[in-house]
There are 2 protein chains.
Amino acid sequence: MPTAPAKPNRGDARVALVAAGRKLFAQQGYDATTTRQIAAEAAVSHALLRYHFSSKAGLRDAVDDDVLGSFTHAVASAREEGTDHGDLAEVGRATALLFGADQERRRYVRRVLVDGDDRAAALLARLVAGAERELERLLPQPSALPPEQRRWAAYQTLFLILGPLLLEPALHTVLGSDPFAPETLAERSHANQRLLQHGLFD
Amino acid sequence: MPTAPAKPNRGDARVALVAAGRKLFAQQGYDATTTRQIAAEAAVSHALLRYHFSSKAGLRDAVDDDVLGSFTHAVASAREEGTDHGDLAEVGRATALLFGADQERRRYVRRVLVDGDDRAAALLARLVAGAERELERLLPQPSALPPEQRRWAAYQTLFLILGPLLLEPALHTVLGSDPFAPETLAERSHANQRLLQHGLFD
DNA sequence: CGACGAACTGTCCAACTGGACAGGATTGTC
DNA sequence: GACAATCCTGTCCAGTTGGACAGTTCGTCG
């Protein structure tokens with residue numbers, strides 16, 4: 001089903017293939033996506049994939065650069081945009097910017113994290129580092145937390161954010177609605193801030 | 001690589017196939033596992049799979065029954081074992097019982113949640129219901145939480161628990177050690193209890 | 001115009017997949 | 001020991017996969 005039917009102009013096939021790959025990898029995962037599906041989605045011969053990227057893995061690398069590159073960019077702009085209130089709401093804003101806007105990127109990130117190899121570890125390392133940096137800035141210095149809890153704080157924060165991302169399809173079914181719908185996302189984000197601030201049992 | 005080399009006795013092939021399926025599905029996922037791999041792991045002809053389970057999907061159903069059945073059993077015994085202190089530590093104990101002991105079951109559960117279809121939604125629904133029940137018991141009545149936060153409490157609790165499960169391979173790499181090693185699990189569990197109790201910013 | 005290189009295509013291929021099936025081995029029963 | 005049911009195997013099959021490759025189209029530059 002070539003959902004993007006228009007045949008690309010000569011010379012545009014490369015970007016069309018990257019777009020098709022991003023879409024289908026995000027939807028179905030890398031292994032479950034065939035080169036022929038990608039070619040059909042890009043309205044292009046499947047032999048062209050090999051010409052431009054030399055292999056299926058080559059296309060994946062190109063898509064990774066594309067998605068994770070724009071990801072890096074989004075992180076940077078999110079960091080600058082917030083006028084640095086120094087409060088926890090920034091976490092929510094950053095999350096919304098990273099994961100709220102673009103469903104396709106969200107699903108692609110999910111696939112990278114879940115397909116679970118070196119790419120997943122590399123991405124997770126970046127996310128942990130980012131969360132750690134943010135916490136370092138927001139937590140009182142010196143933190144009142146005992147070290148063996150402080151050590152897990154960034155991971156805990158991240159799990160609250162990534163949980164819905166990783167479980168999106170199942171969560172959608174259980175909730176009966178899109179967990180990333182703007183109002184839902186805002187409510188979740190607020191609940192997360194409150195949990196981090198006071199716990200559930202304050 | 002038939003890691004379980006011993007040829008099963010006549011009549012034992014069925015259970016051998018279920019065990020092999022559980023192992024390989026947990027390690028590689030359903031789609032990435034071939035019927036021939038399973039047969040080799042069970043030291044049995046691959047045609048036998050069809051005889052006993054009629055199809056690859058049939059074997060998956062049998063493995064699901066096996067794993068998720070023992071899962072249900074584990075939940076029940078965890079519930080009875082705790083002498084009902086009514087405190088948060090029970091969450092940690094239940095988690096440890098569910099996910100700590102058996103690496104293979106842990107990975108299988110991860111696959112079910114992540115491969116993301118109806119089975120994932122059904123399992124998640126059970127987990128949410130369980131977490132909800134637990135919170136209902138542990139939270140002060142009436143809860144001081146505003147309803148729009150109370151609504152997400154079970155999910156938040158679950159994300160803290162499931163995060164490491166879903167990200168296990170990547171997390172292992174980033175941490176440089178097994179996130180489910182007993183001491184690590186205990187520390188994480190303790191950190192989770194403290195987060196739920198007081199937040200990070202108490 | 002002509003030719004040259006880059007972009008693109010149709011078609012073939014070996015490997016592998018889940019499944020089909022006919023027949024062989026083993027066990028229990030009379 | 002014969003027979004039948006169950007368990008099990010070797011082997012074939014059609015479909016799909018990523019990749020290989022020779023050849024065609026197209027823009028561009030002389």
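Letters A, B, ... mirror the listed sequences (proteins, then strands); counts begin at 1.
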Residue pair A:Arg22, A:Glu41: steps toward the salt bridge (Lys or Arg N to Asp or Glu O under 4.0 Å) verdict: CA-CA 11 Å; A:Arg22 168 165 54 182; A:Glu41 174 75 28; over 6 Å; no

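- For the pair B:Leu165 and B:Ile161, the minimum side-chain heavy-atom distance is 4.5 Å or more.
- Closest to the side chain of A:Thr34, from the set D:dG19, D:dC21, D:dG18, is D:dG18.
- Using a 4.0 Å heavy-atom criterion, one finds that A:Thr33 contacts the sugar-phosphate atoms exclusively.
- Between A:Arg36 and A:Leu48, the residue whose closest nucleotide on DNA chain C is further toward the 5' end is A:Leu48.
- Contact check for B:Ser45 versus B:Arg50: no side-chain heavy atoms found under the 4.5 Å cut-off.
- Looking only at atom types and distance, the side chain of A:Asp102 has no donor-acceptor partner in the side chain of A:Tyr108 under 3.5 Å away.
- Figure legend: cation-pi geometry between A:Arg188 and B:Tyr155 absent, as NZ or CZ is not positioned both under 6.0 Å from the six-membered ring centre and within 45° of its axis.
- The CG-P distance, from A:Asp31 to D:dT16, rounds to 18 Å in whole Å.
- Residue B:Arg14 is out of contact with every strand shown, counting any heavy-atom pair closer than 4.0 Å.
- No donor-acceptor pair under 3.5 Å is formed between the side chain of B:Arg119 and the backbone N or O of B:Val112.
- For A:Ala13 and B:Gln37, each mapped to the nucleotide of DNA chain C holding its nearest heavy atom, the one lying further toward the 5' end belongs to A:Ala13.
- Nucleic acid contact for A:His46: base, since at least one base atom lies under 4.0 Å from a heavy atom of the residue.
- Shown are B:Arg151, B:Arg150, B:Arg126; of these, the salt bridge (Lys or Arg N to Asp or Glu O under 4.0 Å) with B:Glu132 is made only by B:Arg150.
- Closest to the side chain of B:Tyr51, out of D:dT9, D:dT6, D:dG18, is D:dT6.
- Remark: B:Arg107 is not positioned above the aromatic ring of B:Phe25, lacking an NZ or CZ atom under 6.0 angstrom from the ring centre and at most 45 degrees off the axis.
- With contacts defined as side-chain heavy-atom distances shorter than 4.5 Å, the pair A:Leu196/A:Gln156 does not qualify.
- In this entry the distance linking CZ of A:Phe53 with P of D:dG18 reads 15 Å, nearest Å.
- Chain B approaches DNA chain C within less than 4.0 angstrom (heavy atoms of the protein), and the contacting nucleotides run 5' to 3' from C:dT17 to C:dT27.
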The contact string for nucleotides 22-27 of chain D, one letter per nucleotide 5' to 3', using protein heavy atoms under 4.0 Å with B, S and - for base, sugar-phosphate only and none, comes out as ---BB-

